[in-house]
K.L.:
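Below is a structure I'd like to ask you about.
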Amino acid sequence: MKTFKRLITACALFSTSIASSFAMIYHGTEHQMTQPNGDKVSVYLYGTELYIDAESQDHYTLIKDEQTGYICYALLSSDGKAYASTGIVYKGGETPSAVKMITQPGVRISKESRDAKIAETKKSLHMDERPKVELRAASVLPDTVYGVCCLIDFPDTKSSVTIDQIKTYLNDDEKTVFGNAMSIKKYFQWISGGKLTYINYVPSSFYTAPQPKDYYSSLDATEYTTDIFYPVVEKA
């Protein structure tokens, strides 16, 4: 299972200053921004000059990556209070499938966090400055790790475990299956004293390998053929 430690959310927060006592309202307002390599991209703004979120045209939230300076797609922290960069650079157009696997359109921080940022902006306003839209850099949130669960069955052997059971086993906050005391997510929260949240992406269906099960591994499991099976994992 591959973990994505940096794929830990960043919703597009924009920091602005106000030139008058009336904040401009943004509702899908198109705004051109420049990536560090000089590429121009259109982002779509929502909010006011006190607090702005930005999205792609198909409504995936964007943020500036603190490390690279690039505008990237966003993920939400486990507590919903902050954003951080996925590291997947925004290039305009349709959102890549790699982003769709780990987040959803329109993610937003909590109302409490948003209100706190608005109060912070109000406190630091300079009324004599003209409005300027600028991406606030996302901070990396080390408390959330994303993994991918790869589901594979075979033409002659279908899984006896349902996808809902797998989701419960990996990510549920309350329910358990198979006699376990807690889910994988809750286990890592418990063993780390609440410092780590580990969330697995679970596909909506199984990938069926092209060959029967015993083609990849003998039925008595005395010999494993990893080299033969690994390309199936890559395709899945």
Side-chain angles (χ1 to χ4, degrees), residues 1-18 24-110 113-114 116-118 120-121 124 129-148 196-201 234:
M1 187 183 303
K2 183 178 180 181
T3 59
F4 297 86
K5 198 161 187 177
R6 295 284 244 164
L7 300 183
I8 304 163
T9 167
C11 201
L13 290 176
F14 286 76
S15 174
T16 62
S17 56
I18 290 183
M24 183 181 294
I25 295 175
Y26 300 91
H27 188 71
T29 306
E30 186 175 0
H31 184 81
Q32 280 246 316
M33 302 199 77
T34 305
Q35 296 281 35
N37 65 354
D39 288 349
K40 304 283 186 182
V41 290
S42 290
V43 302
Y44 298 85
L45 308 181
Y46 294 84
T48 71
E49 291 182 55
L50 294 172
Y51 176 88
I52 302 175
D53 289 309
E55 295 181 351
S56 63
Q57 191 168 10
D58 51 356
H59 304 296
Y60 282 80
T61 310
L62 307 170
I63 194 66
K64 187 175 184 178
D65 190 293
E66 186 181 49
Q67 302 297 317
T68 67
Y70 277 86
I71 300 167
C72 293
Y73 290 93
L75 291 169
L76 188 63
S77 64
S78 59
D79 60 10
K81 293 181 179 180
Y83 303 106
S85 170
T86 63
I88 302 175
V89 174
Y90 173 61
K91 298 179 180 179
E94 184 179 355
T95 296
S97 58
V99 176
K100 294 179 179 180
M101 287 173 62
I102 55 175
T103 188
Q104 298 177 343
V107 293
R108 293 289 187 266
I109 58 173
S110 66
S113 293
R114 187 171 64 251
K117 293 179 186 300
I118 290 173
E120 179 186 344
T121 300
S124 62
E129 293 183 6
R130 294 188 61 81
K132 179 184 177 184
V133 178
E134 179 183 313
L135 269 140
R136 179 182 301 160
S139 58
V140 176
L141 305 174
D143 63 329
T144 306
V145 173
Y146 287 86
V148 173
L196 172 64
T197 297
Y198 176 43
I199 301 172
N200 272 280
Y201 164 75
E234 285 188 312

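Hydrogens, waters and symmetry mates are skipped; everything else that's a heavy atom, side chains included, is used.
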K.L.:
Find out whether Tyr73 and Thr95 are in side-chain contact, i.e. whether some heavy atom of one side chain is under 4.5 Å from a heavy atom of the other.
P.N.:
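A side-chain contact exists here, since the closest heavy-atom pair is under 4.5 Å.
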K.L.:
Does the ring centre of Tyr44 sit less than 6.0 Å away from the ring centre of His31?
P.N.:
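Between His31 and Tyr44, the centre distance exceeds or equals 6.0 Å.
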K.L.:
Are any non-hydrogen side-chain atoms of Tyr46 and His59 less than 4.5 angstrom apart?
P.N.:
yes
K.L.:
How long is the gap from OH on Tyr51 to CD1 on Ile109, to the nearest 0.5 Å?
P.N.:
3.5 Å
K.L.:
Show the nearest heavy-atom pair for residues Cys72 and Ser85, with the distance to one decimal.
P.N.:
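It is CB-OG, 3.3 Å.
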K.L.:
Look at the side chain of Ser42 and the backbone N and O of Glu30, then say whether any donor-acceptor pair between them is shorter than 3.5 Å.
P.N.:
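Pair absent, no side-chain N/O of Ser42 close to backbone of Glu30.
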K.L.:
Going by side-chain contact (heavy atoms from CB on, under 4.5 Å), name the residues that satisfy it together with Glu94, two or more places apart in sequence or in a different chain.
P.N.:
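Partners of Glu94 by the side-chain contact (heavy atoms from CB on, under 4.5 Å) criterion, ordered by chain and then number, come out as Asp58, Lys100.
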K.L.:
Roughly how far, to the nearest 0.5 Å, is the CD1 atom of Ile102 from the CD1 atom of Ile88?
P.N.:
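It is 4.5 Å, given to the nearest 0.5 Å.
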K.L.:
Return the set of residues passing side-chain hydrogen bond (donor to acceptor under 3.5 Å, both in side chains) with Ser110 (not counting sequence neighbours), or none when no residue passes.
P.N.:
Ser113
K.L.:
Among Gln35, Lys64, Lys91, exactly one meets side chain to side chain contact (heavy atoms under 4.5 Å, CB included) together with Tyr70. Which residue is that?
P.N.:
Gln35
K.L.:
With sequence neighbours left out, what residues match Glu234 under side-chain contact (heavy atoms from CB on, under 4.5 Å)?
P.N.:
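Listed in chain order: Tyr230.
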K.L.:
When rounded to the nearest 0.5 angstrom, what distance separates CD1 in Ile71 from CG in Asp65?
P.N.:
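One finds 11.0 Å between CD1 of Ile71 and CG of Asp65.
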K.L.:
Between Ala54 and Val43, which heavy-atom pair has the shortest distance, and what is it?
P.N.:
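Closest approach of Ala54 to Val43: CB-CB, 4.4 Å.
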K.L.:
Quick one: does Ile199's side chain get under 4.5 Å of Thr197's, heavy atoms only?
P.N.:
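Result yes, sub-4.5 Å side-chain heavy-atom pair found.
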K.L.:
Would you say the side chain of Met33 lies within less than 4.5 Å of the side chain of Tyr90, judging by non-hydrogen atoms?
P.N.:
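They are not in side-chain contact.
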K.L.:
Testing the basics here: between Thr61 and Val107, what is the closest heavy-atom pair and its distance to 0.1 Å?
P.N.:
OG1-O, 3.1 Å
K.L.:
Got a second to check how far Arg108's CZ is from Glu55's CD, nearest 0.5 Å?
P.N.:
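Arg108 atom CZ to Glu55 atom CD measures 4.5 Å (nearest 0.5 Å).
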K.L.:
Below 4.5 Å, heavy atoms only, C-beta onward: do Tyr83 and Asp53 meet side chain to side chain?
P.N.:
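Tyr83 vs Asp53: side chains touch.
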